[in-house]
Amino acid sequence: MAAFIELALGEDSAVISRTGAALLEYTVGDRPVVLGMNAFDGAVLAPWPNRIADGRYDFRGRSHQLPITEPSRRTALHGLVANTVWDVADRDETSVALRTTIEPSPGYPFELTLTVTYTLREDAVAIVAHASNSGTQSAPFAFGFHPWIHPGAATVDEAQLLTPAQTWFTVDDRLIPIEERPFNSGTFNSGSFIPTDHEPDEASCIVCKDFRALRVIRDSVLDDAFGAPRRAADGWSYARLRGADDRTVVVGMDESFRAWQVCTGDELDPVLRRSAIAIEPMTCPPNAFAAGVDHDVIEPQGELRVEWNISLR
């Protein structure tokens, strides 16, 4: 079976990889919208996105130790299925459904079935994902998605970003959240996150991370999570990237998502550095399993359904 699935509708196209059920490419006419960057390109991140510090978390009175998959930061990174080859459950010219099972494993002794459906529409590529608990235990769970967005030029510097969020997560040198800071307040809200000895530089940090209105990225370095998403009347939250070519990419996520992650790709290979920006919908913030807050719990025979999309305007 082919490793890549091509979807087409008129002059628009998308390429889906069976590895990670990933949205590798999305093109509207001759304008790239999503592209590959050799860094979790468009992959489904589950049963957690982003990082878990030291791979350790407690759930329902039991401690769990996940494999460390990011040794340089001593974290468990981006879940268990980004490198899994998913099965094709259904497909036609404009849509494909991919499915995989998370089997009980060290650090995650739960069993879930995941299905992700990509549908190419006239105005967007729409993604619907389901996680079903096929085991006998309640399971902590979160979805994330990792599309790299084309900035309409060679780099992200002249693109304008809008991240619709009311808070920003300050992090330590491992990119693990320390505190969740409201943009409209001069004080930090420590919430339930694990304390560390790191002290954020308040004066220089908060302004450069505030993209609540469209603002040119310039030399801003982003690999940051944003919480308390601002929502439109339909309950969705919409991030925007206005490219240097005056086309605007809109990433929308439904009410199930609790956080955005935005990354300007400064740690990538020099050839790819800052040539795209990841705008990632996440149903929980980083390190949520370890913090014990803001992630879903799927009961036996229960299900979580989420929906998001990407469009070019």
In terms of side-chain geometry, is the basic nitrogen of [X] or [Y] positioned less than 4.0 Å from the acidic oxygen of its partner?
X: Arg121; Y: Asp12; result: no
X: Glu158; Y: Arg215; result: no
X: Arg218; Y: Asp157; result: no
X: Asp210; Y: Arg212; result: yes
X: Glu303; Y: Arg305; result: no
X: Arg56; Y: Asp54; result: yes

What class does the angle between the rings of [X] and [Y] fall in, given that below 30° is parallel, 30 to 60° is tilted and above 60° is perpendicular?
X: Trp48; Y: Tyr108; value: tilted
X: Phe145; Y: Trp308; value: tilted
X: Phe141; Y: Phe143; value: perpendicular

Does the [X] side chain pair with the main chain of [Y], one donor and one acceptor, at a distance under 3.5 Å?
X: Asn287; Y: Ala291; value: no
X: Ser17; Y: Thr19; value: yes
X: Asp87; Y: Ala89; value: no
X: Asp58; Y: Gly61; value: no
X: Ser237; Y: Arg230; value: yes
X: Thr283; Y: Ala142; value: no
X: Asp254; Y: Glu307; value: yes

Separation of [Y] [atom2] from [X] [atom1] (nearest 0.5 Å):
X: Phe289; Y: Asp294; atom1: CZ; atom2: CG; result: 12.0 Å
X: Phe169; Y: Phe226; atom1: CZ; atom2: CZ; result: 10.0 Å
X: His295; Y: Met282; atom1: NE2; atom2: CE; result: 14.0 Å
X: Thr155; Y: Arg274; atom1: OG1; atom2: CZ; result: 7.0 Å
X: Gln160; Y: Leu241; atom1: CD; atom2: CG; result: 9.0 Å
X: Ile277; Y: Cys263; atom1: CD1; atom2: SG; result: 8.0 Å

Under 3.5 Å, is there a donor-acceptor pair linking the side chains of [X] and [Y]?
X: Arg99; Y: Thr115; value: yes
X: Asp123; Y: Ser311; value: no
X: Gln261; Y: Asn50; value: yes

Is there a path of hydrophobic side-chain contacts, each under 4.5 Å between heavy atoms of I, L, V, M, F, W or Y residues, that connects [X] with [Y]?
X: Ile310; Y: Val128; result: no
X: Val88; Y: Leu114; result: yes
X: Ile279; Y: Leu35; result: no

Name every donor-acceptor pair, under 3.5 Å, that has one atom in a side chain of residues 66-76 and the other anywhere in the protein, sequence neighbours excluded.
| from | atom 1 | to | atom 2 | distance (Å) |
| --- | --- | --- | --- | --- |
| Thr69 | OG1 | Leu77 | N | 2.8 |
| Glu70 | OE1 | Arg51 | NE | 2.7 |
| Glu70 | OE1 | Thr75 | OG1 | 2.6 |
| Glu70 | OE2 | Arg51 | NE | 3.4 |
| Glu70 | OE2 | Arg51 | NH2 | 3.0 |
| Glu70 | OE2 | Arg73 | NH1 | 2.9 |
| Arg73 | NH2 | Glu267 | OE1 | 3.3 |
| Arg73 | NH2 | Glu267 | OE2 | 2.6 |

Which ILVMFWY residues are connected to Val15, directly or by a chain of links, through side-chain heavy atoms under 4.5 Å apart?
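For the cluster that includes Val15, the remaining residues are Phe4, Leu24.
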
Determine whether Arg313 and Arg240 satisfy the following criterion, side chain to side chain contact (heavy atoms under 4.5 Å, CB included), listing intermediate values before the conclusion.
CA-CA 10 Å; Arg313 300 178 184 175; Arg240 289 172 168 79; 3.8 Å; yes

